[in-house]
Amino acid sequence: MSRNTLAALALLALSATAQASDAPAAAETPATASDFTLTANVTLASQYRYRGLMQTNNKPAIQGGFDLAHASGFYLGNWNSNISWLNDSNSDVSAPVEMDFYGGYKGNLAQDVPVDVGVLQYYYPGDYPSGYTSPDTTELYAGIGYGPLMFKYSIAMTNLFGFADSKYSQYFDLSGNFDTGVWGLTVNAHVGRQTVRNVDNGSYTDWKLGLTKDFGQGLSVSLAYLDTNADRAVYTNTRGRDMGRATGLLSLTKVF
């Protein structure tokens, strides 16, 4: 990770923190229950894909979590899903669940210019053989948006998802959600670039194009097409499946 990247992240975090402290009400008034918002979510999906790669070997996934946000912009959250990719890559591994824990700050640098900075811990509880590189991963992230677009940068402060000697691997994410104004439909578009340090042919690009239908009351349905250019020699599991091949994904989400 370059000094310039570290400096940019530090400046963005300091800017966001300064904005939060500029609000006199937050500084002078003790926090009350009304300052916090707690939401929960649950999703049923035809499969789980992350950064374009299959996580459940093309099988269905049930996912859910919660978010606690403060009026100042700071937040904490947890998200969970069933997985099979660790066992699919090594039959001696038993780790059927992914648990994510994250916290950060969301605010606005200017009108229509949101920012989001934080830390994310991916945790995979389970049983692993001796000498197995832990898949648990810690990432720092910083995002900035404009209108319907959002660019997010993530950097791993540990090994990345079990790749040995891969600390400081990076992910670049450009996403857009465009309200069509028709029948509650939103167009979802995404392109990302995962770099994996010290892994030959481990880096790849993924992309997505989809539609989300909002039914109101926190209920939505999404249909998307996903694909990657991930090297099959690196990303084929022990079941003989290319983890990055093109697929369609259907999901139903409810937010409470």
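Please read all numbers here as calculations on a predicted model, not as lab measurements.
- With ring centers used as reference points, Tyr153 lies under 6.0 Å from Phe172.
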Under the criterion side-chain contact (heavy atoms from CB on, under 4.5 Å), I'd like the reasoning laid out for Gln111 against Asn108: C-alpha separation, chi angles, the key distance, then a yes or no.
CA-CA 7 Å; Gln111 185 176 0; Asn108 290 282; over 6 Å; no
Audit row: Gln121, Asp136, side-chain contact (heavy atoms from CB on, under 4.5 Å) steps and yes/no:
CA-CA 7 Å; Gln121 175 68 43; Asp136 295 348; 4.0 Å; yes
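- Proximity of a side-chain donor or acceptor of Asn159 to a complementary backbone N or O of Ser166 within less than 3.5 Å is detected.
- Residues Tyr102 and Val119 fail the side-chain proximity criterion, which asks for heavy atoms closer than 4.5 Å.
- Hydrophobic clustering (side-chain heavy atoms under 4.5 Å, transitive across Ile, Leu, Val, Met, Phe, Trp, Tyr) keeps Leu109 apart from Leu149.
- When all heavy atoms are compared, the tightest approach of Ser220 to Phe215 is CA-CD1, 4.3 Å.
- Summarising the local packing, NZ of Lys59 is surrounded by 12 or fewer heavy atoms from other residues, nucleotides or ligands at distances under 6.0 Å.
- With no hydrogens or angles considered, no side-chain donor-acceptor pair links Asp127 and Ser94 at under 3.5 Å.
- Note: the hydrophobic cluster containing Leu209 does not contain Trp207 (ILVMFWY, side chain heavy atoms under 4.5 Å, direct or indirect links).
- Summarising the geometry of Gln47 relative to Gly248, their closest heavy-atom pair is NE2-O, 3.9 Å, with the distance given to 0.1 Å.
- Between the side chains of Arg197 and Ser169, not a single donor N or O lies within less than 3.5 Å of an accepting N or O.
- Separating the CG atom in Asn188 from the CG atom in Asn177 is a distance of 5.0 Å, to the nearest 0.5 Å.
- For the residue pair Asn58/Tyr48, the side-chain donor-acceptor check at 3.5 Å is not satisfied.
- A heavy-atom distance below 4.5 Å is not found between the side chains of Val42 and Thr253.
- Atom CG of Asp227 sits about 11.0 Å away from atom OG1 of Thr205, to the nearest 0.5 Å.
- Proximity of Leu211 to Val187: side-chain heavy atoms (C-beta onward) are separated by under 4.5 Å at one or more points.
- If you check the side chains of Tyr50 and Glu98, you find no donor sitting under 3.5 Å from an acceptor.
- Under a hydrophobic clustering in which Ile, Leu, Val, Met, Phe, Trp and Tyr are joined whenever their side-chain heavy atoms come within less than 4.5 Å, directly or via other members, Leu223 and Tyr225 fall into different clusters.
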Stepwise side-chain contact (heavy atoms from CB on, under 4.5 Å) check, Tyr132 with Asn90:
CA-CA 10 Å; Tyr132 191 90; Asn90 186 327; 3.7 Å; yes
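- Two residues are said to be in side-chain contact when any heavy atoms from C-beta on lie closer than 4.5 Å; Ser203 and Arg193 meet this criterion.
- Atom OH of Tyr124 and atom CE of Met99 lie 12.0 Å apart (nearest 0.5 Å).
- Although no hydrogens or angles enter the test, the distance criterion places a donor-acceptor pair under 3.5 Å between the side chain of Thr195 and the main chain of Gln170.
- When every heavy atom of Leu185 is checked against every heavy atom of Asp179, the shortest pair comes out as O-OD1, 3.5 Å.
- In this structure, the side chain of Asn237 engages the main chain of Gly240 through a donor-acceptor pair within 3.5 Å.
- Taking the side chain as every heavy atom from C-beta outward, Ser251 and Ser222 approach each other to under 4.5 Å.
- Residues Asn80 and Asn78 bring a donor and an acceptor atom of their side chains to less than 3.5 Å of each other.
- In this structure, the side chains of Thr247 and Arg49 come closer than 4.5 Å at one or more pairs of heavy atoms.
- Side-chain contact between Leu160 and Val196 is present, with heavy atoms from C-beta onward closer than 4.5 Å.
- Residue Leu140 is grouped with residue Tyr168 when hydrophobic side chains (ILVMFWY) are merged at heavy-atom distances under 4.5 angstrom, including chains of intermediate members.
- The CE atom of Met150 sits 8.0 Å away from the CD1 atom of Ile144 when rounded to the nearest 0.5 Å.
- Here the straight-line distance linking atom OG1 of Thr56 with atom CG of Asn82 works out to 6.5 Å at 0.5 Å rounding.
- Met54 and Val97 sit in two unconnected hydrophobic clusters of ILVMFWY residues. Membership requires side-chain heavy atoms under 4.5 Å apart, directly or through other members.
- A donor-acceptor contact shorter than 3.5 Å links the side chain of Gln55 to the backbone of Leu53.
- Neither side chain, Glu139 nor Tyr171, offers a donor N or O lying under 3.5 Å from an acceptor on the other.
- Between Asp206 and Arg51 there is no salt bridge, since no side-chain nitrogen of the basic residue lies less than 4.0 Å from a carboxylate oxygen of the acidic one.
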Evaluate the criterion side-chain contact (heavy atoms from CB on, under 4.5 Å) for residue pair Ser175 and Lys152; output intermediate values, then yes/no.
CA-CA 8 Å; Ser175 298; Lys152 184 177 179 181; over 6 Å; no
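- For the pair Thr137 (side chain) and Pro135 (backbone), a donor-acceptor distance under 3.5 Å is present.
- Counting heavy-atom neighbours within 6.0 Å of Arg245 CZ, excluding the residue itself, gives a total of 12 or less.
- Judged by distance alone, the side chains of Asn87 and Arg239 do bring a donor and an acceptor atom under 3.5 Å apart.
- In Tyr146, the OH atom is not crowded: 12 or fewer heavy atoms of neighbouring residues, nucleotides or ligands sit closer than 6.0 Å.
- Between Phe163 and Tyr235, the ring planes are perpendicular. Angles over 60° get that label, and only those under 30° would be called parallel.
- Thr43 and Gln63 share no donor-acceptor pair across their side chains, judged by distance under 3.5 Å alone.
- Of all heavy-atom pairs between Gly103 and Tyr141, the closest is O-OH, 3.7 Å.
- Note: Trp79 and Tyr123 fail the aromatic proximity criterion, with ring centroids not under 6.0 Å apart.
- Once rounded to the nearest 0.5 Å, the distance linking CZ of Phe178 with OG1 of Thr212 reads 12.5 Å.
- Minimum interatomic distance between Ser89 and Thr238 (heavy atoms only, all atoms of both residues): O-CG2, 3.5 Å.
- When all heavy atoms of Asp200 and Val234 are compared, the pair lying nearest together is O-CG2, 3.6 Å.
- Contact check for Tyr122 versus Leu120: side-chain heavy atoms found under the 4.5 Å cut-off.
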